[in-house]
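These notes are about the structure you will find just below.
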Amino acid sequence: MLRLFDSVAGEVRELELRDPGKVSMYVCGPTVSGLPHLGHGRFALVWDVTRRWLTWSGLDVTYVSNITDIEDKIIARAREEQRSEVAVCEEFEGEWWKAIDALGIARPDHVPHATHYVPQMVRLIEELLSSDIAYRTSDGVYFDVSRVPDYGCLAGQPLDSLRAGARVEGHDEKRSPLDFALWKAAKSDEPSWPASFGSGRPGWHTECVVMSLDLLGDGFDLHAGGLDLKFPHHENERAQAVAVGDKFARHWAHNGWVMVGSEKMSKSLNNFTSLTDLLAETDQRAYRLLVLRSHYRSPIDVTKATISDAERSLERLDTFARRFSLPPLGGPRFERAADHEFSSDNAALVTLVSERLDDDLDTPGALALLFDAVSQANALSDQGRNEEAQALAVTVTALFGAVGLTLRSRAEDIDEATRALVRARNEARRAKNWAEADRLRDELVTAGWIVEDATGETVIRR
RNA sequence: GGCGGCGUGGCCGAGCGGUUAGGCAGGGGCCUGCAAAGCCCCGUACUCCGGUUCGAAUCCGGACGCCGCCUCCA
């Protein structure tokens with residue numbers, strides 16, 4: 001069973017499931033006010049890997065991830081571009097899914113949208129108001145954090161300590177600077193919804209509480225997201241749930257940051273900013289490999305150098321897949337251990353990799369094992385031990401598939417003129433006409449092909 | 001001010017007291033008509049200063065440097 005670092009406990013602990021055999025997980029999704037960036041990509045990849053691994057392990061996973069479609073930045077953008085908030089959200093939600101699909105991330109089972117849950121948020125706020133945990137001000141409704149005894153358990157600091165550090169500008173009507181907005185009173189040029197406590201729009205922290213509890217029920221197993229959401233977003237979500245008597249999530253997990261070296265992320269510096277740009281310019285699997293290659297809680301550095309490093313690694317894996325004609329696993333479908341049969345030798349590898357991944361998602365450790373296995377399979381094949389090699393290769397590709405990394409073995413479409421060159425080269429080589437063979441190879445190479453003669457017949461690839 | 005993290009070989013990146021992480025790049029070899037791919041071998045790293053220990057990258061103390069959170073953020 002997976003052991004994961006729990007952000008409240010501050011230690012790695014086993015994921016204790018509410019219902020045996022079933023995992024309910026909620027991952028805070030994006031606010032669709034712009035193009036998805038590298039940080040969005042990382043969280044989506046990390047939790048996709050987690051979901052896949054749990055599924056591989058035989059668990060029935062329900063994965064929920066929301067779209068925030070009402071928020072300050074969306075309103076600001078809509079105003080700036082003189083179009084509706086709905087139009088902005090539609091555009092960037094479209095971009096979001098394009099990027100998700102390109103990264104080979106499986107779609108969530110449920111994708112709740114904040115605007116579809118406003119009446120339920122209103123009911124939650126009413127409940128909080130009725131018990132005086134929430135209070136009204138001239139600009140909305142606020143949550144009184146002092147009413148939650150263990151407020152700060154996610155921040156890792158007691159309330160007093162947080163309060164001492166709060167960056168001032170005391171909002172007159174708030175009881176504490178840490179109190180957060182549940183509801184923002186309507187303004188004439190902003191979208192608003194009716195409510196018994198005055199029309200307006202929901203604050204960000206309320207939507208995820210309502211949506212996660214609605215779709216997964218109280219005491220769901222895992223609530224995950226980027227490290228930056230730990231405080232105050234997740235703290236505040238939890239505070240609301242606890243305040244109305246729920247247990248909320250049993251386990252909290254957070255992935256680390258994306259860095260771009262010491263340089264500020266910007267196009268002018270030739271750093272990738274948006275996922276959309278990254279995916280347009282690189283192998284779309286490179287980012288997944290980069291994410292898998294470091295621990296999910298460590299910061300990762302995404303630069304041209306680290307991405308191209310990953311791309312070259314992928315070439316090695318693709319060459320491997322080609323050599324053994326391995327099927328492309330991963331992508332939108334899930335792999336399950338139970339769907340595969342492993343010989344005892346290969347079962348040992350599966351066990352070792354499983355132990356790595358079950359240990360707080362040690363993907364770097366798992367990859368090290370898999371790369372070793374790739375070398376082993378190649379070596380076996382070199383020695384002519386083809387059955388063993390093939391079986392190992394199939395196991396390796398299944399395990400890559402288990403974390404969503406698809407190896408490509410499919411030959412590219414090759415046009416007839418190029419095929420003719422390859423045939424001519426085979427003729428020349430049979431005739432030991434090396435000058436002609438070399439000339440034809442140069443021609444193919446100039447056309448962008450990589451030429452390999454390994455099996456007697458020439459094989460070309462891009 | 002409070003809380004937390006990090007500093008590893010050319011680059012990336014694991015490591016949680018003793019054994020080769022792994023990848024990429026580089027060097028040598030095997031294979032090959034020559035290449036490519038593949039395989040084998042190689043670099044002998046851990047910010048600094050003390051300490052604990054038979055033994056420390058790994059534990060403790062200190063120094064220096066970098067970063068994050070306490071405010072919208074994946």
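A note on names: the letters A, B, ... follow the listed sequences, proteins ahead of strands, and every chain is numbered from 1.
- Nucleotide B:C69 has B:G2 as its partner under the Watson-Crick or G-U criteria, with both atom distances under 3.5 Å.
- You cannot call A:Phe43 stacked on the base of B:A74; the centres under 5.5 Å and planes under 30° rule is not satisfied.
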Counting primed atoms plus P, OP1 and OP2 as sugar-phosphate and everything else as base, spell out the protein contacts along nucleotides 15-32 of chain B at 4.0 Å heavy-atom distance: B, S or - for each nucleotide, 5' to 3'. ------BSBSS-------
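- Here CG of A:Leu182 is found 9.5 Å from OH of A:Tyr135. Values are rounded to the nearest 0.5 Å.
- A:Gly41 comes within 4.0 angstrom of no nucleic acid atom, judged by non-hydrogen atoms across all strands.
- Salt-bridge annotation for A:Asp318 and A:Arg285: present, with a side-chain N of the basic residue lying under 4.0 Å from a carboxylate O of the acidic one.
- Non-hydrogen atoms lying under 4.0 Å from RNA chain B are contributed by A:Gly225, A:Gly226, A:Asp228, A:Leu229, A:Phe231, all within residues 222-239 of chain A.
- No option in A:Tyr142, A:Phe231, A:Phe180 other than A:Phe180 meets the ring pair (Phe, Tyr, Trp, His ring centres under 6.0 Å) test with A:His205.
- A:Ser146 and A:Asp144 are linked by a side-chain donor-acceptor pair at a separation below 3.5 angstrom, with hydrogens and angles left out of the test.
- Pair check for B:G22 finds B:C12; Watson-Crick or G-U wobble, both atom distances under 3.5 Å.
- Checking the phosphate oxygens (OP1, OP2) of B:C39, a side-chain nitrogen or oxygen of A:Asn378 falls inside 4.0 Å.
- Mapping A:Gly156 and A:Glu71 onto RNA chain B by nearest heavy atom places A:Gly156 closer to the 5' end of the strand.
- Here B:U47 sits opposite B:A63 as a Watson-Crick or G-U wobble pair (both hydrogen-bonding atom distances under 3.5 Å).
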